[in-house]
Amino acid sequence: MDARKPFRSPRPTIGLAYSAAVRNFIARHPGEVDHVEIPFELLRHDPAVLEIGEKLPIILHCASLSIAGTARCKGETIQQIKAFARHTRTPWIGEHLAFISANVSEAGPHPEEYAPGEPYNIGYTVSPVMNARTIARVVQALTAYARCFQVPLLIENSPLYFEAPGSTMAQSEFITSICRETGVGLLLDLAHLLITARRADLDPFAELDRLPLNSVVEVHISGVDEQDDGSWDDHAKPAPEIVHRLLDRVLERAAPRAVTLEYNWSSRFPEALLMDELGRVRASCGTCS
Amino acid sequence: MNAEPTFLVEEILARCLTDPPFLERLITNRDAALKAYPLDAQARADFVNTDMQRLRRFSGFIGKVQHNYLWDFFPATRRLLQHYRIEIDFFADYRAIQLSAQSPAQSQSDKIRRFADHLATFVAKTPSLTGLASALRYERACWELRQIAPTRRPRGRVGLRRAAGLAWSDFLKLVPKCDDPLRIEAFDCDPVALVADVLAGHFPPRDSAGDRLFVLRRHRDQLVQTSEIEELSALLLSSIDGCRTVRSIIAVTRRRALGTTPPRAFRAFFEQAADAHFIKLCGTPPCA
């Protein structure tokens with residue numbers, strides 16, 4: 001069986017981001033899920049997770065390439081991603097438009113250095129400085145990775161929790177420029193979009209319309225944690241109503257090949273709720289043109 | 001060295017998110033913290049306009065996400081952190097400990113203990129967080145009980161009927177042993193009801209009603225049974241170490257309290273504890 005075949009369907013496949021609870025859910029409810037998305041970082045830590053590929057097609061997700069960063073990803077890591085991409089037969093690799101590490105300059109003071117000789121490893125993807133210099137660097141990185149990987153790389157919009165100093169443009173402009181210059185596909189995370197829009201007090205639907213929706217290949221759905229100072233990503237909560245309405249808008253204007261529900265931060269995410277969410281997304285996708 | 005502004009900005013941001021003392025210095029004295037970085041005037045001005053408290057909260061958010069594994073063991077604690085809207089602030093505060101090079105936590109168990117220690121200290125400083133200290137302590141006790149490796153069942157146990165029929169002098173020679181790991185903890189409320197209320201979304205948790213003693217017992221299936229007990233029972237149970245005889249346990253207890261209570265008055269406790277399967281009465285001859 002060609003593992004990529006389901007992704008060629010005219011309607012998007014509906015999948016879940018992997019977790020141990022999701023693995024159990026898939027085993028108990030065969031047929032409810034079309035694909036499973038697995039982070040490369042988890043596979044590197046626990047290759048046994050690949051077993052789920054016997055049941056469902058896998059989409060490889062990644063947070064290690066640091067494509068918007070100044071520090072380059074290690075060659076060894078790139079080779080591992082390549083190997084997992086080949087092994088999983090993923091149709092694409094979704095990667096955050098972000099940086100996860102940064103070089104330690106010799107000029108900088110570093111009395112509390114955590115890992116001497118190593119770059120700062122944040123352990124979480126961070127939205128980069130959004131300016132022309134970063135665009136040039138991302139274009140260069142994407143061009144190099146296009147030669148390196150046998151499947152396309154998608155870029156995922158990051159949640160913008162704070163504006164990096166030196167940024168000169170809005171995220172929509174930043175992403176549009178990169179998509180236009182490279183033709184790269186977009187992994188549109190609707191919770192991230194909502195977080196970014198709310199932080200800047202912008203209308204999320206208007207921000208959605210500013211993105212290059214014809215580049216959208218995959219959509220992420222997840223929850224949002226509302227705090228006094230803004231919204232925060234939360235994969236332990238169901239998507240708020242507005243995220244579903246944003247999905248409906250995407251489906252009116254774009255033809256994503258996959259929608260992935262990221263409910264992978266809590267083993268206590270209620271199964272009945274997961275079923276409801278899958279049903280709701282499937283119904284939305286079923287009515288799209 | 002590369003003084004290209006974006007390189008330095010990313011480096012400083014990355015350092016803020018991995019080096020909490022540096023971030024604190026940046027918050028309190030931005031110019032001094034940035035002094036060694038060859039930023040141009042524009043980049044320096046951009047940092048002055050950056051919301052560093054927001055960056056600190058983002059660092060806390062990263063710490064929170066990196067601790068997602070905790071919530072399988074501390075679900076009510078987490079719900080209360082969310083209820084009091086202090087989850088991100090707590091993790092922002094905890095970040096310096098999480099990333100400390102001086103005391104790195106090696107295993108997940110180390111990390112859980114370190115988290116629970118720090119949260120207990122944090123909560124102790126904030127008495128308005130009703131229920132959080134008890135939920136944390138109860139869930140921690142349950143988690144610690146589940147970490148204890150199962151032991152072999154004690155051999156040479158004496159049937160209840162047989163123990164009841166033993167002469168007092170033979171009963172005193174019995175050795176009470178706990179089949180399953182036990183913990184005795186004091187709470188100012190019923191912790192089982194507290195956790196159930198919190199998980200059902202009933203806030204604020206119930207008011208405290210003085211110190212009450214509970215025995216927590218981990219069964220072989222990892223379930224933790226929690227029962228309220230009297231002070232004397234707690235004293236007796238806490239003296240059972242699997243080696244002491246009934247005689248020795250009574251003597252210890254009488255030295256610590258109830259010195260005027262006749263030894264035979266304690267027999268009912270041992271029989272009832274054995275009846276409730278908290279302990280097994282093991283014997284040497286003539287019981288064996």
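Residue numbers begin at 1 in each chain, while the letters A, B, ... track the order of the sequences. Nothing here was measured: the structure is a model prediction, and the numbers come from that model.
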- Message: Can you tell me which portion of A:Ala21 sits under 4.5 Å from chain B's heavy atoms? Options are side chain, backbone, both or neither.
- Response: neither

- Item | Residue among B:Thr50, B:Asn49, B:Leu34 with most heavy-atom pairs under 4.5 Å to chain A | B:Thr50

- Message: Go through it in stages, so that I can follow the logic: the residues are B:Thr18 and A:Asn121, the test is side-chain contact (heavy atoms from CB on, under 4.5 Å), and I'd like the CA-CA distance, side-chain angles, deciding distance and then a yes or no.
- Response: CA-CA 7 Å; B:Thr18 54; A:Asn121 183 358; 5.9 Å; no

- Closest non-hydrogen contact found for B:Gln66 with A:Ile122 is NE2-O, 3.7 Å

- Item | Side chain B:Glu10, main chain A:Pro128, donor-acceptor under 3.5 Å | no

- d(A:Gln227 CD, B:Gln82 CD) to nearest 0.5 Å is 8.5 Å

- B:Gln222, CD atom: more than 12 neighbouring heavy atoms under 6.0 Å: yes

- Whether over 12 other heavy atoms sit under 6.0 Å from A:Gln140 CD: no

- Below 4.5 Å from any heavy atom of chain B, which atoms of A:Ser66 appear? Answer side chain, backbone, both or neither. neither

- Please say whether the positively charged group of B:Arg85, taken as NZ for Lys or CZ for Arg, lies over the ring of A:Trp232, i.e. under 6.0 angstrom from the six-membered ring centre and within 45 degrees of the axis. no

- Task: Could you give me the CA-CA distance, side-chain angles and deciding distance for A:Asp229 and B:Gln53, then say whether side-chain contact (heavy atoms from CB on, under 4.5 Å) is met?
- Result: CA-CA 11 Å; A:Asp229 66 343; B:Gln53 288 297 343; over 6 Å; no

- Message: For A:Asp201, I'd like to know if atom CG has over 12 heavy atoms of other residues, nucleotides or ligands within 6.0 Å.
- Response: no

- Item | Among the listed options A:Asp228, A:Thr134, A:Asn131, the residue most often paired with chain B at heavy-atom distances under 4.5 Å | A:Asp228

- In terms of heavy-atom pairs under 4.5 Å, which option from B:Pro75, B:Ala45, B:Ser59 contacts chain A the most? B:Pro75

- Kindly compute the distance separating CG (B:Asp72) from CZ (A:Arg268), expressed to the nearest 0.5 Å. 6.5 Å

- Tell me, do B:Glu11 and A:Asn103 make a side-chain contact under 4.5 Å, heavy atoms counted? no

- Query: Distance from A:Asp234 atom CG to B:Glu87 atom CD, nearest 0.5 Å?
  - Reply: 8.0 Å

- Task: State whether the number of non-hydrogen atoms from other residues, nucleotides or ligands found under 6.0 Å of B:Gln108 atom CD is greater than 12.
- Result: yes

- Message: Within this structure, what is the OG-CH2 distance for the pair A:Ser266 and B:Trp71, rounded to the nearest 0.5 Å?
- Response: 11.0 Å

- Item | Least distance between heavy atoms, A:Ala164 atom then B:Leu13 atom | CB-CD1, 3.9 Å

- Task: Classify the ring geometry between A:Tyr161 and B:Phe61 as parallel (under 30°), tilted (30 to 60°) or perpendicular (over 60°).
- Result: tilted

- Task: Heavy atoms only, distances under 4.5 angstrom: which of B:Leu55, B:Ile12, B:Val48 has the most pairs with chain A? Name it, please.
- Result: B:Leu55

- B:Arg56 to A:Phe162, cation-pi by 6.0 Å centre distance and 45° axis angle: no

- Note on the structure: Value for OH (B:Tyr69) from CH2 (A:Trp265), rounded to nearest 0.5 Å, stands at 15.0 Å

- Query: Which bit of B:Asp51 is near chain A, if near means a heavy-atom gap under 4.5 Å: side chain, backbone, both or neither?
  - Reply: neither

- Determine the minimum heavy-atom distance between B:Leu8 and A:Ser105, stating which atoms define it. CD2-OG, 4.4 Å

